[in-house]
4 protein chains.
Amino acid sequence: MTGKTRKTRKPPGSPGTGPDKLTSAASTDGTGATKPEAGPNPVARSESRLTAPPPAGSPERSPENPRSSEAILETAATLFSAQGYRQTDVQQIADRLGIGKGTIYRQFPTKENLFLATVDRIIGQLTRYIDRRAEAKPDPFDRVAEGISAFLAYFDENPGAVELLLLERAEFRHRNTPTYLEYNETNAAPWRRLLLDLMRAGRLREMPPERIIDLLHNALYGTIFINHFAGRRKPLREQAADLIDIVFRGILPRD
Amino acid sequence: MTGKTRKTRKPPGSPGTGPDKLTSAASTDGTGATKPEAGPNPVARSESRLTAPPPAGSPERSPENPRSSEAILETAATLFSAQGYRQTDVQQIADRLGIGKGTIYRQFPTKENLFLATVDRIIGQLTRYIDRRAEAKPDPFDRVAEGISAFLAYFDENPGAVELLLLERAEFRHRNTPTYLEYNETNAAPWRRLLLDLMRAGRLREMPPERIIDLLHNALYGTIFINHFAGRRKPLREQAADLIDIVFRGILPRD
Amino acid sequence: MTGKTRKTRKPPGSPGTGPDKLTSAASTDGTGATKPEAGPNPVARSESRLTAPPPAGSPERSPENPRSSEAILETAATLFSAQGYRQTDVQQIADRLGIGKGTIYRQFPTKENLFLATVDRIIGQLTRYIDRRAEAKPDPFDRVAEGISAFLAYFDENPGAVELLLLERAEFRHRNTPTYLEYNETNAAPWRRLLLDLMRAGRLREMPPERIIDLLHNALYGTIFINHFAGRRKPLREQAADLIDIVFRGILPRD
Amino acid sequence: MTGKTRKTRKPPGSPGTGPDKLTSAASTDGTGATKPEAGPNPVARSESRLTAPPPAGSPERSPENPRSSEAILETAATLFSAQGYRQTDVQQIADRLGIGKGTIYRQFPTKENLFLATVDRIIGQLTRYIDRRAEAKPDPFDRVAEGISAFLAYFDENPGAVELLLLERAEFRHRNTPTYLEYNETNAAPWRRLLLDLMRAGRLREMPPERIIDLLHNALYGTIFINHFAGRRKPLREQAADLIDIVFRGILPRD
DNA sequence: GATGAATGAGCTTTCATTCAT
DNA sequence: GATGAATGAAAGCTCATTCAT
């Protein structure tokens, strides 16, 4: 560990983004700045992103730069999710990018590190995507519904992301809490507030908001896993609508 | 001198069950023969199973026979779920059983094969456990609720089973449909019938029963995954109750 | 370290030899059983050694068995001493023996381990060789002289042994005391006794015997190193004679 | 972000010596100009050398110039002797000096080259140190004894030097004659002359002077190696005295 | 049938050296 | 000149699978 050139694990949402305050769109006031990274298919889009093109002479910033950590993470994500962690050789990633294996190891000291950075990046994208879409809805009900839809949409459009989440758990069970559960802990608060406000206003049954949040969380993760494993059988829009309908109205008759 | 681990300690899990007809307890008549494998903790109990010891001359059937495929699958399940698929080597399994590696390879031609057989066994246990518990409830509502509870209870008491399900998917993404989804396809029919009956009787809102089944399925799998990953935060009983409450009654006020 | 088949480092002088009590030939009584392994060129001879040929059906014992640890150590010694530790690929050793790399790793869990076993084996051979030759001389003076000659002869006939000693130190400086110094600690006592007897008999100047032992030790190691590095310029016999002459009589005139 | 070790800490050692004429102090006339590098601890002292700072405009000569080959060799010597040749990577040396790896490669075309230059520098220091101390003794006997003492003192005070000598041999066995043996070839002549003079004067037994030189050479190298490997057990002064005593007077009684 | 020694493809990681900036 | 990002050959070690005993 003496004089080696080593970079440590990149924080989530890495590329060139500034401080990555994983805010939530559920703030009760309905305000929120739209962040530029989001979009229906953030992962795919990130390929051609670029609000402002880098100054001509800056190869590091170029999205085509196959040596940027962005490019590496993207390719790594693709291969890991397509083939699994063990089945993916670091050499393959390098080959696909047309760069040397050493270049990857220069930025990510181990394969494990590379993989984990890949997952972190996904979580950052997911978070920002949900927040951006939910923030746009002023009405609290709409906001909850939009959050649900956005979550499903993200994974629908980034099928590899589901794989990555699974792989993280399967290969690195030792990591105390998988990355994507941290998201939940950090971001549940604004949603809880929002639900409490609705209850206070008599628009929802009185009950501990955790009960709702947990159910949604579980149902959403269950949905993406099942969707992914079995192949979705219903259009996404319909799935979101069904979930919202049952959760809001229940399955008992309204007398 | 060899350094081999030669323990014969039996891990928890697995009865010496016979052929596994994956029936469902949701038959509308409410009848169902109780099968012997079930119980609050089917896996743990299986350790002391055995109403009648096998006929003396049948070494293959003996639970102590570490060369039986039952014993092999049991040990394999324990090690796979504790360490992961790649991290577990066949030698370890053999060592733990005190048998030769070749003996395992004679029964399971590849490691993959062994692993998959391990998962199949779990699914069989789960199915029989749910059926047995649900069948015991004559009232259709109770039966649905009991099915939910049984599902959660099974995984609560067999944490390794969740790992196994994950591992199957993470390591063998090529398998078209993971084992545990087949369960659903095969066994959904009786539940669908049961739900339709309830709707016809006006006890449930009219809606396509798939909508309910899918939500439950998703929520249940989501629940066990999240429980397992993050450590359960609520007692199982409460979790089941919350799920049943919201699904049945919804979160909107009843005015 | 769980269920892997692993053998740990072999003690020095391993092959089929019984308990390896590294006795010294300097016992003042002049008695000593001749051990069978020794000879003018023990390493080379060991190739064709074999007091009693193994029973026909015992491939493990066969000296031609390229998979025996003896054969592996011998080939390893040859290559390590010819090329150095780092420059020698385990694959090379396997190739030279016509066996698989895994076979080597099965007996020696790491390359370092293999190397160290190689050195231990040399030290065992050296010790036994010196003892055997010295024991044969009844007169104490002759015994000292014979010990000196035997030491030089051993390394003269096993040039690789010198390399190995050096390599051990160069590559594994962390090993507290290199193997070949342990020899000295263990075996100095009988020599010390022998020198004291000579002094008491008035056949040597009175002085602490350590002074003589240390000088001899240093001069002998210096000699083999220099011989080896620079290519010997004098016949061995002459070198031993010179050393004995000067050490016994000094360089001052006897007036 | 890079994790590079960028320390500029200077290791002990190395004057800014000029060209190294490897003269010998044993010239029979007893004359010899004292050279400035010498001293009881030449390496350590060199740290504070510098009576007069170099002319302002000479950055190459500046001892603080971490890019000078002197500084590079000094740091290289420290790291090589502390960690071994293979274990030391060029990046580490550059980091320690706070310079770029390319800068080292401009002065030393390969790592091997750098290492060998490091050893050559040590030999030059040793030679000059011995010569300087021996030259100061007018009496031939004293001069021999002083040469012995100086040799031991040098390595005693520069333990890294022993490592370096070993490493040279261990890693570069192909180099026909190791650097430090060349010293002997070049410098033996004056010592031989000195011994012959003593014999002619009847102050030493008549014998080929090589016999004495070789013994001393071997005993001295043996001594430093053993000292270094095992940890010296006697004070240096005593070791030198013992060696001189036995070599001069022998171990036989003086009748 | 049971065993476990033997095999070698496969994969991670290191680091000397180059060369564009 | 100085730099350090990039490269890729090289080597240690693992473990599924085979098969002679």
Side-chain angles (χ1 to χ4, degrees), chain A residues 3-7 57 59-60 65-67 85-92 94-95 98-114, chain B residues 2 4 59-60 66-67 86-95 98-114, chain C residues 3-7 57 59-60 65-67 86-92 94-95 98-114, chain D residues 2 4 59 66-67 86-95 98-114:
Chain A
K4 307 284 178 64
T5 300
R6 283 279 156 91
K7 288 179 184 153
E60 249 314 317
N65 180 357
R67 278 173 263 272
Y85 177 75
R86 302 276 173 172
Q87 291 75 16
T88 300
D89 187 338
V90 174
Q91 183 66 63
Q92 266 181 76
D95 288 348
I99 67 177
K101 204 173 10 176
T103 305
I104 295 178
Y105 272 96
R106 155 168 270 285
Q107 306 198 41
F108 303 94
T110 65
K111 186 188 180 186
E112 172 171 338
N113 198 297
L114 170 62
Chain B
T2 62
K4 305 265 182 83
E60 250 312 317
R67 278 172 265 273
R86 301 276 170 174
Q87 289 75 22
T88 299
D89 69 272
V90 178
Q91 181 65 62
Q92 257 181 85
I93 300 172
D95 285 347
I99 67 177
K101 217 175 352 179
T103 305
I104 295 178
Y105 273 94
R106 203 165 48 80
Q107 307 197 44
F108 303 94
T110 66
K111 185 188 180 188
E112 171 171 340
N113 197 297
L114 169 62
Chain C
K4 308 284 179 62
T5 299
R6 282 278 156 89
K7 291 183 183 146
E60 249 313 317
N65 180 357
R67 280 172 262 275
R86 302 275 172 174
Q87 290 76 15
T88 301
D89 188 337
V90 175
Q91 183 65 64
Q92 266 180 75
D95 287 348
I99 67 177
K101 201 174 13 175
T103 305
I104 296 178
Y105 274 98
R106 155 170 271 284
Q107 306 199 42
F108 304 94
T110 65
K111 185 189 179 186
E112 172 170 338
N113 200 297
L114 169 62
Chain D
T2 61
K4 306 270 181 76
R67 277 172 266 272
R86 301 277 170 172
Q87 290 75 20
T88 299
D89 70 90
V90 177
Q91 182 65 63
Q92 259 182 85
I93 300 172
D95 286 348
I99 66 177
K101 217 175 353 179
T103 305
I104 295 178
Y105 272 94
R106 203 165 48 79
Q107 306 197 43
F108 303 95
T110 66
K111 186 189 179 187
E112 171 171 339
N113 196 296
L114 169 62

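Please read all numbers here as calculations on a predicted model, not as lab measurements. All chains are named by letter (A, B, ...) in the order of the sequence lines, taking the proteins before the strands, and each is independently numbered beginning at 1.
Contact check, A:Arg106 against E:dC15: no side-chain N or O comes under 4.0 Å of OP1 or OP2.
Evaluation of the side-chain hydrogen bond (donor to acceptor under 3.5 Å, both in side chains) rule for C:Lys111 yields no partner, not counting sequence neighbours. Qualifying side-chain hydrogen bond (donor to acceptor under 3.5 Å, both in side chains) partners for C:Asp89, counting only residues two or more places apart in sequence or in other chains: none. Evaluation of the side-chain hydrogen bond (donor to acceptor under 3.5 Å, both in side chains) rule for C:Gln92 yields C:Gln83 as partners, not counting sequence neighbours. Under the rule for a ring-ring contact (aromatic ring centres under 6.0 Å, His included), the partners of A:Tyr85 that lie at least two apart in sequence or sit in another chain are A:Phe80, A:Phe115, A:Phe172. Qualifying side-chain hydrogen bond (donor to acceptor under 3.5 Å, both in side chains) partners for D:Asn113, counting only residues two or more places apart in sequence or in other chains: none.
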Would you give a per-nucleotide map of nucleotides 16-21 of chain F, 5' to 3', where B means the base has a protein non-hydrogen atom under 4.0 Å away, S means only the sugar-phosphate does, and - means neither? SBB---
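Between the NZ atom of B:Lys101 and the CG atom of B:Asp95 there is a distance of 8.5 Å, given to the nearest 0.5 Å.
Helical stems in DNA chain F, defined as runs of 3 or more consecutive Watson-Crick or G-U wobble pairs with both donor-acceptor distances under 3.5 Å, are listed by first residue as E:2-21 with F:2-21.
With the nearest nucleotide of DNA chain F identified for both C:Gln92 and A:Gly98, A:Gly98 has the one nearer the 5' end. Nucleotides of DNA chain E nearest to B:Thr103 and C:Ile104 differ in position, and the one nearer the 5' end is that of B:Thr103.
The distance between atom CG of A:Asn113 and atom P of E:dT12, rounded to the nearest whole Å, is 14 Å. Distance, B:Gln107 CD to E:dG1 P: 10 Å, rounded to whole Å.
Annotation for B:Ala94 and B:Gly100: closest pair CB-C, 4.0 Å, computed over non-hydrogen atoms. Annotation for D:Tyr105 and D:Thr110: closest pair CE2-CA, 4.1 Å, computed over non-hydrogen atoms.
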